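Scroll down for the structure; my scribbles are underneath it.
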Amino acid sequence: MVTPNLVRKIDEDVYSRLDAAIDATVKVNADRNDLDSRFPRENLKALAQAGWTGVLNETRFGGLGLAHVDFAEAAYRIGQADASTGLIYVMHVGAAQTINLFGNDDQKERWLKANNGGLLGTYSTSERATGGHWWYNLSEASRDGDNYLLNAEKSFTTSSGQADFYVVQTRTPGAKDQADIIFFIVDGKSPGIESKPWDALGVRANHSGPIRYSNVRVPQRDRLGAEGQGKEIIYDGVSPVYLIGLGAVWEGVARGALNAAVKHTTSFVHKDRNKSLSDYQAIRQELGAAKVLVETLRPWRLELAAKLDALWQAGKPQSEILIPLTEFKVHAAEVANKVAAAALTVTGGYGYHRGPIERSFRDARAAIAMGPSNVIARDWIGKSLVGLPLELFYEGGE
């Protein structure tokens, strides 16, 4: 298992490049991409050129060799500008990190280092039949000699039809039961892949639409990990990086909405009273309450990301903090919704128009539903609190 470089002496130019990519490209394109439901390829190219799509990859595979603390910070900063790009970024880094943890050097060379680290990856996990229980699949791969055939219908796959590779989970050929899972790295150009359009309330640019794999041939060299190892990969590979990244993006959305609200309320003046909106006590109280919520997230994010890095360095399962990561996701999602709503309230008609505040309000709703949905996740947390086991694959789990 690869361990990260946890020496916190990071060249400041690395973060400067990230901020430059966000300011010059991600932020500029956000409203247009939302309006047109346009996949933000230019944004991802800018982040890749800055090196940040390979944030957790080893330097020998073309990455920055940084840590979860840095990944989560990047997701937070991107989320302030554009939730769609932030989620695509999280799914890409999550897919790459799953390869880092469970892949071999050949796979890292071909999927992480290739094209100067410019290949875009994503997870492809959830199935319509099991809804928000994205970890539970009914599809099952079959054998094609020493290789595999993949037949599956996935309900939500971020970057559907746009990714260069998909990290796909399904049942192992001849699976003993629902927990007998296999993972593949699937070439996005493989024959038999069909994606459908994405048209949603929010995060309209992330193309998180349905995708079908029909007799897609996967060579044995692109099986990720061993047959039947999928449950371990879900718990210790997919979930931790996904949850910290997801929470960080929603923290960014909350911060971005608050900043936009403060900017408008301090600059807009009621000419009849010669007062800015921020001169009204009621407006300031709304902003103050929103800020208190936003400030709860950063210390928690830093603490959890540092724990992930410590577990990674020690070669321990990152699922040891699965429940705290889930709590962070739930809270970040709820904070994003509350703060975006407050921003819409204090900016009145201005905020209601198409633009960053209105967009943050729509985008934040996705946070509640993204698996594990807040409803499901709170039950996980409650079970842990009262000492009940969390079992996702068998009767009585959740």
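What you see is a predicted model, and the numbers here were worked out from it, not measured in a lab. Scope of the values below: all heavy atoms of this structure, side chains included, with no hydrogens, waters or symmetry mates.
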Open item on the list: So for atom NZ, which belongs to Lys231, do other residues, nucleotides or ligands contribute more than 12 heavy atoms lying within a distance under 6.0 Å?
Closed with: yes
Task: Any Arg255 side-chain heavy atom under 4.5 Å of Glu295 side chain - done: yes
- [ ] Looking only at non-hydrogen atoms, find the nearest pair between Ser159 and Ile88 and report the distance.
- [x] OG-CG2, 3.5 Å
Task: Asn57 and Asn100: side chain donor to acceptor below 3.5 Å - done: yes
Open item on the list: Between Tyr89 and Asn43, do the side chains contain a donor N or O and an acceptor N or O under 3.5 Å apart?
Closed with: no
Task: Sidechain-backbone polar pair: Trp380 side chain, Ile323 backbone, donor-acceptor under 3.5 Å - done: no
Task: Derivation of the side-chain contact (heavy atoms from CB on, under 4.5 Å) call for Ile182 and Phe184 - done: CA-CA 7 Å; Ile182 189 169; Phe184 300 111; 3.6 Å; yes
- [ ] State, with a plain yes or no, whether a side-chain heavy atom of Asn337 is found less than 4.5 Å away from one of Trp250.
- [x] no
Open item on the list: Could you measure the distance from the OH atom of Tyr76 to the CD atom of Glu251? Nearest 0.5 Å is fine.
Closed with: 5.5 Å
Open item on the list: Does Arg32 form a salt bridge (Lys or Arg N to Asp or Glu O under 4.0 Å) with Glu42? I'd like the steps, not just the answer.
Closed with: CA-CA 12 Å; Arg32 179 201 63 180; Glu42 302 97 327; 3.6 Å; yes
Task: Check: Val203 main-chain N/O paired with Asp363 side-chain donor or acceptor under 3.5 Å - done: yes
Open item on the list: Counting neighbours of CG on Asn274 that are heavy atoms of other residues, nucleotides or ligands and sit closer than 6.0 Å, is the number greater than 12?
Closed with: no
Open item on the list: Looking at Lys27 and Ala21, would you say the former's side chain and the latter's main chain have a donor-acceptor pair under 3.5 Å?
Closed with: no
Open item on the list: For a salt bridge (Lys or Arg N to Asp or Glu O under 4.0 Å) check, start with the C-alpha distance between Glu320 and Lys307, then their side-chain angles and the critical distance, and finish with the verdict.
Closed with: CA-CA 10 Å; Glu320 286 187 14; Lys307 285 182 178 179; over 6 Å; no
Task: Close side-chain approach of Thr125 to Val168, heavy-atom, < 4.5 Å - done: no
- [ ] Tell me, yes or no, whether the heavy-atom count around Arg354 atom CZ, taken from other residues, nucleotides or ligands under 6.0 Å, exceeds 12.
- [x] yes
- [ ] Measure the acute angle between the ring planes of His68 and Trp312, then classify it against the limits of 30° and 60° as parallel, tilted or perpendicular.
- [x] perpendicular
TODO: Scan Ser195, Ser208, Ser126, Ser124 and name whichever one has a side-chain hydrogen bond (donor to acceptor under 3.5 Å, both in side chains) with Thr157.
DONE: Ser124
Task: Donor-acceptor pair, side chain of Glu391 and main chain of Phe393, under 3.5 angstrom - done: yes
Open item on the list: Checking the side chain of Tyr350 only, and the main-chain atoms of His264 only, is there a donor and an acceptor separated by less than 3.5 Å?
Closed with: no
- [ ] Indicate the atoms forming the closest heavy-atom contact of Val28 with Asp23, along with that distance.
- [x] CG2-O, 3.6 Å
Open item on the list: Heavy-atom count check: over 12 atoms from other residues, nucleotides or ligands less than 6.0 Å from Asp36 CG?
Closed with: yes
TODO: Kindly indicate whether the side chain of Asp106, heavy atoms from C-beta on, has any atom under 4.5 Å from the side chain of Trp111.
DONE: no
Open item on the list: When you measure from the side chain of Asp34 to the backbone of Ala30, do you find a donor-acceptor pair of N or O atoms at a distance under 3.5 Å?
Closed with: no
- [ ] List the atom of Ile233, the atom of Thr98, and the distance in Å for their closest heavy-atom pair.
- [x] CG2-CG2, 3.6 Å
Task: Heavy atoms of other groups near Asn104 CG, more than 12 under 6.0 Å - done: yes
Open item on the list: Side chains of Asn147 and Arg223, heavy atoms from C-beta outward: is any pair under 4.5 Å?
Closed with: no
Task: Distance-only polar pair, side chains of Asn137 and Gln169, donor-acceptor under 3.5 Å - done: yes
Open item on the list: Between Arg284 and Thr265, is there a side-chain heavy-atom distance shorter than 4.5 Å?
Closed with: no
Open item on the list: Between Lys329 and Asn374, do the side chains contain a donor N or O and an acceptor N or O under 3.5 Å apart?
Closed with: yes
- [ ] Could you grab the distance from atom CG of Leu287 to atom OG of Ser278, nearest 0.5 Å is fine?
- [x] 8.0 Å
TODO: For Arg365, look at atom CZ and say whether over 12 heavy atoms of other residues, nucleotides or ligands are found less than 6.0 Å away.
DONE: no
- [ ] Spell out, yes or no, whether Leu390 and Ile376 are grouped together once hydrophobic residues are joined by side-chain heavy atoms under 4.5 Å, including indirect joins.
- [x] yes
Open item on the list: Looking at Phe156, I'd like to know if its CZ atom is crowded, meaning that more than 12 non-hydrogen atoms belonging to other residues, nucleotides or ligands lie closer than 6.0 Å.
Closed with: no
Open item on the list: Can you classify the ring geometry of His207 versus Phe39 as parallel (below 30°), tilted (30 to 60°) or perpendicular (above 60°)?
Closed with: perpendicular
TODO: For the residue pair Ile78 and Trp52, establish whether any side-chain heavy-atom pair is separated by less than 4.5 Å.
DONE: no
Open item on the list: Does either side chain, that of Arg171 or that of Gln178, offer a donor lying less than 3.5 Å from an acceptor on the other one?
Closed with: no
Task: Expected output: side-chain Tyr166 to main-chain Asp187 donor-acceptor under 3.5 Å - done: no
- [ ] Answer yes if Leu119 and Leu101 sit in the same cluster of Ile, Leu, Val, Met, Phe, Trp and Tyr residues linked by side chain heavy atoms under 4.5 Å apart, and no otherwise.
- [x] yes
Open item on the list: Please tell me whether Thr172 and Asp180 have a donor and an acceptor in their side chains that are separated by less than 3.5 angstrom.
Closed with: yes
- [ ] Only counting residues at least two apart or in another chain, list the ones meeting side-chain hydrogen bond (donor to acceptor under 3.5 Å, both in side chains) with Tyr280.
- [x] His270
Open item on the list: For the residue pair Thr266 / Ser276, report whether a side-chain donor-acceptor contact shorter than 3.5 Å exists.
Closed with: no
Task: Side chain to side chain, Arg17 and Val14, heavy atoms closer than 4.5 Å - done: yes
Task: Distance, nearest 0.5 Å, that separates NE2 of His92 from OG1 of Thr85 - done: 13.5 Å
Task: With Asn215 via side chain to side chain contact (heavy atoms under 4.5 Å, CB included) - residues at least two apart - done: Leu149, Asn151
Open item on the list: For Tyr213, I'd like to know if atom OH has over 12 heavy atoms of other residues, nucleotides or ligands within 6.0 Å.
Closed with: yes
